[in-house]
Amino acid sequence: MKTTGGNEGAKQNAGEAAASLAEDGMTVGLGTGSTAAHAIRALEQRVGEGLDIRGIPTSYQSADLAREAGISLVTLDDATPDLAIDGADQVAEFDLIKGGGGAHTREKLVVSAAARFVVVADPSKEAAVLDRPVPLEILSTARTPVSAAVRNLGGEPALRAAERKDGPIVTDNGNLILDCDFGRIEEPADLADALSGIPGVIEHGLFVGLADEIYVGTDEGVEERSR
Ligand code: 5RP
């Protein structure tokens, strides 16, 4: 599994705490990445003890983990998530950068629909101001015009390369990823609006105004923040 580094024990503590929020009858949005995977494994244990939930996956990865965990899968056409649990690449207050695993389009769809979105992270993800590159999922035919539009906004785009394939990565949706470095993002909502307006951009990895709670795992336990 791809990992963005950080403290695995802290991620596990965050994932287990978020998984404890699931209740019988709930539909749970299942995020992607190493921290969300801890939550899915913690749900597996609870399902084994009799918890009755359905899951809405955000990627092939989370769908596979959920199947292994014995969690029945449904889609947004079948149910609205009561709870969504997902990781982040960077967290500043309640604003996030996501998409390190290239899954942010489906992740945003699921967490936006959820009644409650709990972010799970370890302390390495926290920042005062967002400054990591923002992933854009783009149509493969839109690479040049989107790159020009990103430069006009002051960003520097880089096509995400595959690690065990020559050339770029192709997302679960069959698209490309541009990682766009804007330096310090002082006004994430303004940048999010501008990126959403670029033709050919399917979704960007700025999650502004979506997170309800942030669970930051530590070696000792979990620090919880809510709006
Ligand atoms: C995938 C994501 C992940 O949630 C993000 O990359 C964090 O991953 P990890 O928990 O492995 O650090 O946005 O698209």
Side-chain angles (χ1 to χ4, degrees), residues 1-19 28-43 55-66 81 83-92 94-112 114 117-127 130-138 158 160-163 168-181 185 188 192 195 201-208 210-218 222-223:
M1 182 186 303
K2 171 201 78 63
T3 177
T4 50
N7 176 336
E8 219 48 50
K11 291 179 182 184
Q12 183 171 352
N13 285 339
E16 288 176 356
V28 181
L30 304 171
T32 297
S34 56
T35 320
H38 283 297
I40 297 172
R41 289 194 202 98
L43 288 171
I56 299 185
T58 53
S59 61
Y60 287 124
Q61 183 217 33
S62 61
D64 286 347
L65 282 174
L83 168 70
I85 303 170
D86 204 350
D89 299 301
Q90 197 168 42
V91 180
F94 289 91
D95 296 335
L96 318 174
I97 292 177
K98 287 184 51 55
H104 58 278
T105 298
R106 294 193 202 181
E107 290 174 328
K108 193 177 282 185
L109 199 55
V110 170
V111 307
S112 299
F117 171 28
V118 177
V119 179
V120 286
D122 71 284
S124 71
K125 306 294 180 57
E126 294 222 86
L130 297 176
D131 63 1
R132 283 180 60 103
V134 179
L136 306 188
E137 181 163 5
I138 63 164
R160 192 180 296 180
E163 284 178 15
I169 69 150
V170 177
T171 69
D172 289 3
N173 311 309
N175 301 305
L176 303 180
I177 299 275
L178 286 179
D179 290 305
C180 301
D181 190 350
I185 303 172
L195 294 173
V201 172
I202 293 157
E203 193 53 85
H204 59 77
L206 281 171
F207 284 43
V208 179
L210 294 175
D212 296 301
E213 284 142 278
I214 314 284
Y215 281 20
V216 180
T218 64
V222 181
E223 289 166 11

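As the structure lists them, so they are numbered: ligands from 1, and atoms in each ligand from 1.
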Counting distance only, does the side-chain N/O of [X] pair as donor-acceptor with the main-chain N or O of [Y] below 3.5 Å?
{"X": "Gln90", "Y": "Asp131", "answer": "yes"}
{"X": "Arg160", "Y": "Gly100", "answer": "yes"}
{"X": "Lys98", "Y": "Ala103", "answer": "no"}
{"X": "His38", "Y": "Asn13", "answer": "no"}

Next on the checklist: Using a 4.0 Å heavy-atom cut-off, which part of Ala88 comes near ligand 1: side chain, backbone, both, or neither?
Outcome noted: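 For Ala88, only backbone atoms sit under 4.0 Å from ligand 1.
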Checklist outcome for this item: Contact region, Asp86 to ligand 1, non-hydrogen atoms below 4.0 Å, reads side chain
Provide the number and element of each atom of ligand 1 under 4.0 Å from a heavy atom of [X].
{"X": "Gly87", "result": "4 (O)"}
{"X": "Ser34", "result": "9 (P), 10 (O), 11 (O), 12 (O)"}
{"X": "Asp89", "result": "5 (C), 6 (O), 7 (C), 13 (O)"}
{"X": "Gly102", "result": "14 (O)"}
{"X": "Lys11", "result": "12 (O)"}
{"X": "Lys125", "result": "9 (P), 10 (O), 12 (O)"}
{"X": "Gly99", "result": "2 (C), 13 (O), 14 (O)"}
{"X": "Lys98", "result": "2 (C), 3 (C), 4 (O), 13 (O)"}

Next on the checklist: I want to know if ligand 1 touches Gly33 in the polar sense, i.e. an N/O pair below 3.5 angstrom.
Outcome noted: no
Next on the checklist: For ligand 1, which is the ligand I care about here, please tell me if Ala36 has any N or O atom under 3.5 Å from one of the ligand's N or O atoms.
Outcome noted: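 No; the residue has no nitrogen or oxygen that sits under 3.5 Å from a nitrogen or oxygen of the ligand.
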Please name the pair of heavy atoms, one in [X] and one in [Y], separated by the smallest distance, quoted to 0.1 Å.
{"X": "Lys125", "Y": "Asp89", "result": "CD-O, 3.3 Å"}
{"X": "Leu30", "Y": "Ser62", "result": "O-OG, 3.3 Å"}
{"X": "Ile97", "Y": "Pro133", "result": "CG2-O, 3.7 Å"}

Checklist entry - Just checking, is any N or O donor in the side chain of Glu8 or Gln12 under 3.5 Å from an acceptor N or O on the other one? => result no
Checklist entry - Considering only heavy atoms from C-beta outward, does the side chain of Leu96 approach that of Val119 to under 4.5 Å? => result yes
Item to check | Heavy-atom gap Gly31 to ligand 1 smaller than 4.0 Å | outcome: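 No.
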